[in-house]
Amino acid sequence: MKLIDGKKIAEDIRTEIANEVRKMIDNEIKVPHLAAVLVGEDAASQTYVTNKEKACKEVGFISSVYRYSETISEKKLLEVVEFLNNDEEIDGFIVQLPLPKHISPGKIIRAIKPEKDVDGFHPVNIGNMVLNLQGHVPATPYGIMQLIKRSGIETEGKHCVVVGRSNIVGTPVSILLSRNNKNANCTVTLCHSKTNNLKEICSSADILIAAIGKMEFIKADMVKQGAVVIDVGMHRIESSETKSGFRLKGDVAFDEVSKKCSMITPVPGGVGPMTIVGLLMNTLKAAKKEVYN
Ligand code: NAP
């Protein structure tokens, strides 16, 4: 069994992006600028935005955060989006989800200019992805596709089973892997909570992608001998063995599944580090005006 080292692959991509930024500076081209809009005090959202700022700094991007109280009205937030759409200094921005209940995420996402939608959630970008055209791809699926490509995983003609159909992970990754291109061309089965015979379907997968949100849900008896397993799940549990008092676990029962598969992503250090890298790659494309080339 071989570990798919997401930490190392993410580092390699960050180095490539930083080199690209240096070239832009040398050629007096504007440095990429990523902005985030953060509404309310959600702890996970705060952490994500802080990590994003750190990642921007590492590669030489400019980053800024627009913070608002959770009482902000939908109208005011739409004005903020409009302001960022028109600000030429900003190449791309995200509106961190979840939003408070009185604000429609769909309305906010649809208001973002597609070329600045570096989260890749706008219907124009989702449509381009479905049509196998250029555009921003949602960050986690983008990261997963890079993991597959850079680990030399053969996809053509393989049966890929994706468990979980969320708009941000399962559905886009199932689309990307079924497209007709070099790093896709799989036959894809997309499973969810109403799928019958889940165990049998998973056991027939050459590539199994777990994006369920249930800790250690995928057991060894659901995995084919020699399969490639990509674990998107992220669960923080208490641990007396770490300094922080916490450790991360995935949607896959790593200890038993890793004995059976040919390659697997660990948690942490697999898909996790690739998500912010996906966001950085989208922002670089936006800054270079290469989104729809
Ligand atoms: P989500 O929106 O909660 O979607 C979960 C999906 O799993 C749904 O489609 C659901 O089916 C399906 N599901 C739930 N129980 C199931 C079952 N018993 N059998 C089969 N399918 C089942 O989750 P998400 O946002 O996609 O996230 C999934 C996991 O990835 C979470 O652990 C999350 O923390 C993690 N995540 C990690 C990253 C990263 O950077 N590493 C990024 C995003 C998410 P229905 O549609 O029928 O309800």
Side-chain angles (χ1 to χ4, degrees), residues 3-11 13-14 36 42-52 54-55 94-99 105-106 109 118-121 126 137-148 160-177 188-205 208-219 221-223 229-237 246-254 257 264-282:
L3 279 183
I4 300 170
D5 191 347
K7 207 170 154 206
K8 164 81 171 58
I9 294 171
E11 259 169 40
I13 298 176
R14 280 202 303 268
D42 181 75
S45 296
Q46 306 255 9
T47 306
Y48 181 66
V49 168
T50 305
N51 289 343
K52 178 202 72 77
K54 219 174 107 195
I94 62 160
V95 178
Q96 184 62 45
L97 301 177
L99 289 168
I109 288 166
V118 286
D119 253 342
F121 295 159
I126 299 291
V137 173
T140 304
Y142 198 174
I144 293 170
M145 294 307 287
Q146 287 291 321
L147 276 186
I148 289 174
C160 175
V161 173
V162 181
V163 191
R165 59 177 164 186
S166 72
N167 288 344
I168 60 164
V169 188
T171 294
V173 92
S174 73
I175 293 165
L176 290 167
L177 277 162
V188 177
T189 306
L190 180 58
C191 300
H192 47 78
S193 67
K194 305 292 183 285
T195 298
N196 292 330
N197 307 326
L198 185 67
K199 195 162 143 183
E200 286 79 352
I201 297 170
C202 289
S203 304
S204 73
L208 179 62
I209 301 187
I212 308 148
K214 290 193 170 152
M215 195 169 84
E216 301 194 323
F217 181 87
I218 302 289
K219 309 282 189 214
D221 63 358
M222 300 169 83
V223 178
V229 176
I230 297 188
D231 187 354
V232 188
M234 221 158 48
H235 308 273
R236 215 162 85 120
I237 58 159
F246 292 96
R247 60 182 293 215
L248 287 181
K249 286 213 175 248
D251 284 351
V252 175
F254 182 88
V257 170
I264 186 166
T265 57
V267 178
V271 173
M274 295 301 292
T275 293
I276 284 189
V277 158
L279 191 63
L280 296 176
M281 288 191 293
N282 279 337

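Remember, it's 1-based here, ligands and their atoms both numbered in the order they're listed.
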Worksheet item: What is the closest protein heavy atom to atom 11 (O) of ligand 1, and at what distance does it sit?
Response: S193 N, 3.2 Å
Discussion item. With a 3.5 Å distance limit and no angle check, can you tell me whether N282 reaches the backbone of V137 through a side-chain donor-acceptor pair?
Written reply: yes
Fill in: Any A211 heavy atom less than 4.0 Å from ligand 1
yes
Discussion item. Below 4.0 Å from ligand 1: does a non-hydrogen atom of C191 turn up there or not?
Written reply: no
Response to the item:
Closest to atom 5 (C) of ligand 1 among protein heavy atoms sits I212 O, 3.2 Å
Discussion item. More than 12 heavy atoms of other residues, nucleotides or ligands under 6.0 Å from CG of N167: yes or no?
Written reply: no
Fill in: K219 atom NZ, over 12 foreign heavy atoms within 6.0 Å
yes
Worksheet item: Which of the atoms in ligand 1, numbered in the order shown and given with their element, are less than 4.0 Å from a heavy-atom of H235?
Response: 32 (O)
Worksheet item: What protein heavy atom sits nearest atom 29 (C) of ligand 1, and how far off is it?
Response: G213 N, 3.6 Å
Discussion item. Students should be able to answer this: which protein heavy-atom is nearest to atom 17 (C) of ligand 1, and at what distance?
Written reply: F217 CZ, 3.7 Å
Worksheet, complete the sentence: For G233, the ligand 1 atoms with a heavy-atom partner under 4.0 Å come out as 29 (C), 30 (O), 32 (O), 35 (C)
Worksheet entry | atom 15 (N) of ligand 1 - nearest protein heavy atom and its distance | K214 NZ, 3.2 Å
Discussion item. Treating T265 as the side-chain partner and I4 as the backbone partner, does any N or O pair qualify as donor plus acceptor under 3.5 Å?
Written reply: no
Worksheet item: With D119, which of L97, L279, I109 fulfils side-chain contact (heavy atoms from CB on, under 4.5 Å)?
Response: L279
Practice prompt. Return a yes/no value: protein heavy atom under 4.0 Å from atom 48 (O) of ligand 1?
Written response: yes
Worksheet item: What about V271: any of its N or O atoms under 3.5 Å from an N or O on ligand 1?
Response: no
Worksheet item: Which heavy atom of the protein is the closest neighbour of atom 23 (O) of ligand 1, given with residue, atom name and distance?
Response: S166 CB, 4.3 Å
Fill in: Derivation of the side chain to side chain contact (heavy atoms under 4.5 Å, CB included) call for V232 and D251
CA-CA 7 Å; V232 188; D251 284 351; 5.6 Å; no
Discussion item. Would you say that P138 contacts I168 through its side chain, given a criterion of any heavy-atom pair below 4.5 Å between the two side chains?
Written reply: no
Worksheet item: Just by distance, do the side chain of D42 and the backbone of S45 share a donor-acceptor pair under 3.5 Å?
Response: yes
Worksheet item: Tell me, which protein residue and heavy-atom name are nearest atom 33 (C) of ligand 1, and how many Å apart are they?
Response: M234 N, 4.3 Å
Worksheet item: Just heavy atoms, cut-off under 4.0 Å: does T195 contact ligand 1 by side chain, backbone, both, or neither?
Response: neither
Response to the item:
In ligand 1, the atoms that come under 4.0 Å of a heavy atom of L198 are 19 (N), 20 (C)
Worksheet item: Counting heavy atoms only, which of T275, V232, L248 is nearest atom 36 (N) of ligand 1?
Response: V232
Worksheet entry | atom 12 (C) of ligand 1: the protein heavy-atom neighbour that sits closest, reported with distance to 0.1 Å | G164 CA, 3.9 Å
Worksheet item: Counting N and O atoms only, with roles assigned by atom type, does the side chain of T140 sit under 3.5 Å from a partner on the main chain of T275, one being a donor and the other an acceptor?
Response: no
Item to complete: Verify, without hydrogens or angle tests, whether S166 (side chain) and V169 (backbone) share a donor-acceptor contact under 3.5 angstrom.
Response: yes
Discussion item. What I'd like to find out is whether the side chain of Y48 reaches to under 4.5 Å of the side chain of I276, using heavy atoms alone.
Written reply: yes
Discussion item. Taking 4.0 Å as the limit for heavy-atom contacts, which would you say applies to M274 with ligand 1: side chain only, backbone only, both, or neither?
Written reply: neither
Worksheet item: Just which atoms of ligand 1 are under 4.0 Å from any heavy atom in I168?
Response: 25 (O)
Worksheet item: Can you find a pair of side-chain heavy atoms, one from L208 and one from M222, that are under 4.5 Å apart?
Response: no
